[in-house]
Visitor: 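Structure below; questions to follow.
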Amino acid sequence: MSPTMVQQAEDHLALAAGAKNVPYTYTDPLSEVPTLPVVETSADGSTPIIDMEALLGPQRSEIIQQIGLACEKNGFFAVKNHGIPEMKINNMLDTAKEFFHLPVEERLKFRSADPNSVIRLVTGFEDKTRNIFVSRQSLKFHCHPVEDYQNHWPSNPLSFREKVGEYCASVRKVEVAILEAISESLGLERDYIDKTLKGHYVSINYYPACPESELDATFGVRTHTDPTLITILMQDDVPGLQVINDDKWIDVNPIPNSVVVHVGDMLQALSNCRYKSLLHQAIVNCKKERVSIASYCYPSDDAMIGPAKKLTDNDHPAIYKDFTYREFHESMWRVKCSTAKRLDLFKVESD
Ligand code: OGA
Ligand code: NI
């Protein structure tokens with residue numbers, strides 16, 4: 001059995017173990033992704049761009065409005081002038097590539113069947129029921145505060161802990177600033193979302209060039225939403241990210257020195273569906289390998305995630321019940337669902 005297949009088997013075992021005491025029934029997980037009648041792929045020009053420097057100046061309220069509009073209409077935006085030094089970004093991307101170019105035995109040291117492990121390597125796998133090969137390899141790890149987790153990270157390449165730590169600490173500042181702006185865009189106190197924040201989990205995603213498979217289709221990552229408040233994605237210069245906007249697939253091509261921020265499931269719940277969790281995927285590139293760094297920003301385990309009280313009234317009844325992030329997270333492993341439909345379990349009607 002190749003290492004890839006071993007990991008796949010282990011992942012399935014972990015899922016099966018989590019599914020033992022299933023308290024919920026759920027819709028067919030294979031039907032969770034919408035089938036788009038018209039799949040158009042538009043090129044550029046569809047990405048709202050937010051200037052973060054202006055957020056800190058006299059134009060703050062205008063920029064907050066732009067952020068609110070982008071979250072509501074598009075579910076994502078690009079952020080320029082975010083303050084993460086270009087050198088730290090380049091170091092992060094170079095280190096990520098170096099790690100994924102290491103011999104496979106070296107990388108497999110980080111394999112773990114435990115989805116809650118502080119660091120975990122996930123390899124590509126074949127989904128034979130759908131005849132699909134998913135080529136993404138990723139190294140996922142906790143990173144806030146950096147000092148608490150750094151010792152669990154790879155020490156090969158030698159500079160990994162230092163360079164990745166620097167990037168994580170910088171992107172954390174962007175997260176906090178953007179979450180404050182998002183809170184305000186919803187008419188909530190500036191720290192409303194930030195005070196539920198606990199974690200910052202990073203996934204270094206590596207997409208090999210033109211991965212080989214005999215199956216019908218190869219994806220980088222299949223269509224999904226992220227179970228986060230927001231995700232901050234930094235891409236290298238190779239396109240691959242696609243999102244659904246207005247029932248069409250849109251390419252979100254890399255814009256130099258900018259990061260992409262998108263809405264996750266927890267923000268959909270907290271905003272009472274005003275901001276919807278973004279459906280997205282990554283396609284593979286036949287000429288070049290691709291690296292992206294996803295920073296998943298998620299709440300503390302005991303944070304209450306129902307719709308903010310200020311956003312509900314008789315005309316806007318709460319769509320979701322109050323639930324803790326722990327409850328949501330536990331249910332995620334039971335319902336094999338990769339989109340915001342997993343929030344349906346917490347809808348008010350499902351009482
Ligand atoms: C993710 C993700 C997309 C990309 O890591 O959750 O959707 O372009 N990544 O790498
Ligand atoms: Ni994602």
Side-chain angles (χ1 to χ4, degrees), residues 11 32-34 41 44 46-47 71 74-79 89 92-93 96-97 99-100 115 119-125 132-143 164 167-168 171 175 199-209 211 218-245 249-256 258-268 275-286 288-298 328-329 332 336-343:
D11 277 352
E32 82 212 26
V33 172
T41 303
D44 288 313
S46 328
T47 303
C71 286
N74 309 82
F76 79 103
F77 51 88
V79 175
I89 292 182
M92 175 78 218
L93 291 171
K97 278 190 191 150
F99 175 80
F100 280 100
I119 183 158
R120 184 163 97 93
L121 181 88
V122 180
T123 59
F125 65 92
I132 282 171
F133 178 59
V134 176
S135 74
R136 175 171 77 167
Q137 302 170 23
S138 47
L139 185 68
K140 297 172 183 289
F141 49 91
H142 288 270
C143 52
V164 173
Y167 176 79
C168 292
V171 82
E175 255 173 34
H200 179 187
Y201 188 76
V202 156
S203 177
I204 299 182
N205 302 318
Y206 178 76
Y207 303 92
T218 301
F219 277 82
V221 171
R222 288 172 294 181
T223 314
H224 66 283
T225 63
D226 289 355
T228 54
L229 286 158
I230 54 167
T231 300
I232 301 189
L233 190 80
M234 199 256 292
Q235 320 182 58
D236 68 5
D237 56 355
V238 180
L241 175 65
Q242 296 187 326
V243 308
I244 295 181
N245 263 203
W249 280 110
I250 309 224
D251 290 323
V252 183
N253 291 336
I255 302 173
S258 75
V259 291
V260 172
V261 174
H262 69 78
V263 175
D265 298 351
M266 294 302 97
L267 186 52
Q268 171 168 323
Y275 299 166
K276 301 213 175 44
S277 196
L278 182 75
L279 278 162
H280 58 287
Q281 66 182 22
I283 54 168
V284 288
N285 188 295
C286 252
K288 287 182 171 174
E289 63 186 1
R290 173 169 181 260
V291 168
S292 74
I293 316 293
S295 298
Y296 303 122
C297 166
Y298 61 92
F328 173 78
H329 200 248
M332 247 177 63
K336 291 183 193 163
C337 174
S338 62
T339 74
K341 265 182 172 263
R342 56 198 157 203
L343 278 173

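Atom set for the values below is all heavy atoms of this structure, side chains included, hydrogens, waters and symmetry mates excluded. In listed order, ligands and their atoms are each counted from 1.
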Visitor: Before you tell me yes or no, could you show the steps for V291 and F99 under side chain to side chain contact (heavy atoms under 4.5 Å, CB included), namely the whole-Å CA-CA distance, both residues' side-chain angles and the distance that decides it to 0.1 Å?
Guide: CA-CA 11 Å; V291 168; F99 175 80; over 6 Å; no

Visitor: If the plane angle is over 60° it's perpendicular, under 30° parallel, otherwise tilted; pick one for Y206 and F100.
Guide: parallel

Visitor: Counting neighbours of NZ on K97 that are heavy atoms of other residues, nucleotides or ligands and sit closer than 6.0 Å, is the number greater than 12?
Guide: yes

Visitor: Can you work out which protein residues put a heavy atom within less than 4.0 Å of ligand 1?
Guide: R136, N205, Y207, H224, D226, L233, L241, H280, A282, R290, S292, A294, Y296

Visitor: Identify the heavy atoms of L343 and M266 that sit nearest to each other, and give their distance.
Guide: CD2-CE, 4.1 Å

Visitor: Under the side chain to side chain donor-acceptor pair (under 3.5 Å) rule, collect the residues that match up with Q137, sequence neighbours excluded.
Guide: R107

Visitor: V252 pairs by side-chain contact (heavy atoms from CB on, under 4.5 Å) with which of L241, L278, N74, L233?
Guide: L241

Visitor: Testing V259, I232, I255 one by one against V79 for a side-chain contact (heavy atoms from CB on, under 4.5 Å), which residue passes?
Guide: V259

Visitor: Under 2.8 Å from the Ni ion (ligand 2), is there any N, O or S atom belonging to H224?
Guide: yes

Visitor: Give the atom name of whichever N/O/S atom in D226 sits closest to the Ni ion (ligand 2).
Guide: OD1

